[in-house]
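Since the structure comes first, as structure tokens, the remarks are kept for the end.
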Amino acid sequence: MKLEQLKRSKGEFQQPVDELTLQRSLQHELSDENVLAVKEIDAGFFNNTYCVETSKNKYILKVAPVSGADVFYNERYLMQRERSLADTLHKVSELIPDYLRFFKIAQRDAFLQPFIEGKLWHDVIDELTEEENTQLWQQLGQFAKTLHSVEGESFGYPDPFVRFERWSEFITDNVTGMIDDAKRLGVYHSEIQAYESLLPYFFEDLDEIKKANLLHGDLWPRNVIIEGQNKDIHIKAVLDAERAFWGDPISDWVLIQYGVPEAFWQGYGQNIVTIANPAVVQVYKGMYFLLNIIEATRFDESDEAPRKALYRVNQKLDSRRSK
């Protein structure tokens, strides 16, 4: 078996897999195939991703971080969470690749999926015509609408996380977990403290959300495989659903922070952000700016921009609280 892994320093979040252990694990899981080559792909910021070629097929292998890796509260048990939703996700849409096998490699969670031929939308988005990108955004909106049509019995992250009967309970739990991370990392400052103190004023608004819909959690061009061109261009696969959860569709960070064009909403059917409670939207934005602050420590980046953004959110929440 030929193995190629990316060179990584000991301090990096993603760490390589032991070659012998990897070989033995794949031989066990693919016992009726001859594993020819395994090549690590520079994709994503959390799991290690490999392309596995055998005598019969081609696969994508995902391997979770090592035990003891400095994961944030909202990142705990990501692959276990994806496993608990695997059947549901694949049944919702054929665009989500099948989950073939879940197993462990040296105590690290791992799974295999079929390799999907095509191009990563993010890599070619600037090369496509406006019409091609419009078609893809419309298709992504249609996919989101299909996903959001699935309802769960309670709010929150999938097993093994605890689920909640009220939406405010999940938001509070998630924010509290990230605040604990901020304190641990030494980045808990006045902006975060202000957001924490403002949050309880909006529990009633949050609890107007009664349905727990299925959200992808990371639905943007970096996780979309496309093929074709001109009028035939189309989404072939939607990847990386490990951050999926049950809740308010508007709370997906891609919709309110990254932002999607009007073409997405044309595919979806209506722009649900513009008709949402503005206070609730600000609560969600604050939660994600808090996440950006702690994420900056992982990538050794400045957190000035998300702090300023959280400050502006706090001003808006404070003005709405006073009404």
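What you are looking at is a predicted structure, and each value in this text was computed from that prediction instead of being measured.
- Between Tyr99 and Phe102, the angle of the ring planes stays under 30°, which puts this pair in the parallel group of the 30/60° scheme.
- In this structure a side-chain-to-backbone donor-acceptor pair under 3.5 Å is missing from Gln5 to Pro16.
- A cation-pi contact, defined as under 6.0 Å to the ring centre and within 45° of the axis, is absent between Arg163 and Tyr157.
- Side chain of Trp253 to main chain of Gly217: a donor-acceptor pair is present (N/O by atom type, distance under 3.5 Å, no hydrogens or angles).
- When atom types are taken as modelled, the side chain of Glu75 and the backbone of Phe72 share a donor-acceptor pair closer than 3.5 angstrom.
- At a threshold of 4.0 Å, the pair Asp240-Lys62 counts as salt-bridged, since one of the basic side-chain nitrogens sits closer than that to a carboxylate oxygen.
- The aromatic rings of Trp167 and Phe155 sit tilted, their planes meeting at an angle between 30° and 60°.
- The two residues Arg222 and Leu120 make their nearest non-hydrogen contact at O-CD1, 3.1 Å.
- Judged by distance alone, the side chain of Asp207 and the main-chain N or O of Ser168 form a donor-acceptor pair under 3.5 Å.
- Checking side-chain atoms of Tyr195 against main-chain N and O of Met287 turns up a donor-acceptor pair under 3.5 Å.
- A side-chain donor from one of Tyr188 and Glu196 sits under 3.5 Å from a side-chain acceptor of the other.
- Taking Arg81 as the reference, nothing meets the side chain to side chain donor-acceptor pair (under 3.5 Å) condition, with sequence neighbours excluded.
- Between the side chain of Asn133 and the backbone N or O of Ile125 there is at least one donor-acceptor pair closer than 3.5 Å.
- For Glu33 and Tyr59, the side-chain atoms include at least one donor-acceptor pair closer than 3.5 Å.
- At a threshold of 4.0 Å, the pair Glu295-Arg298 does not count as salt-bridged, since none of the basic side-chain nitrogens sits closer than that to a carboxylate oxygen.
- Lys183 is linked by a salt bridge (charged side-chain N to carboxylate O under 4.0 Å, His left out) to nothing, counting only residues two or more places apart in sequence or in another chain.
- Checked for salt-bridge contact, Lys211 and Glu151 meet the test: a charged N lies under 4.0 Å from a carboxylate O.
- Applying the side chain to side chain donor-acceptor pair (under 3.5 Å) rule to Arg312 yields no partners; only residues at least two apart in sequence or on another chain are considered.
- Salt bridge annotation for Glu127-Lys119: absent, with no cationic side-chain nitrogen under 4.0 angstrom from a carboxylate oxygen.
- With respect to Glu208 and Lys210, no salt bridge is recorded, no charged nitrogen being found less than 4.0 Å from a carboxylate O.
- In this structure, Arg243 is positioned above the aromatic face of Phe46, its NZ or CZ under 6.0 Å from the six-membered ring centre and within 45° of the axis.
- Between the side chains of Tyr284 and Asp248, at least one donor-acceptor pair of N or O atoms lies under 3.5 Å.
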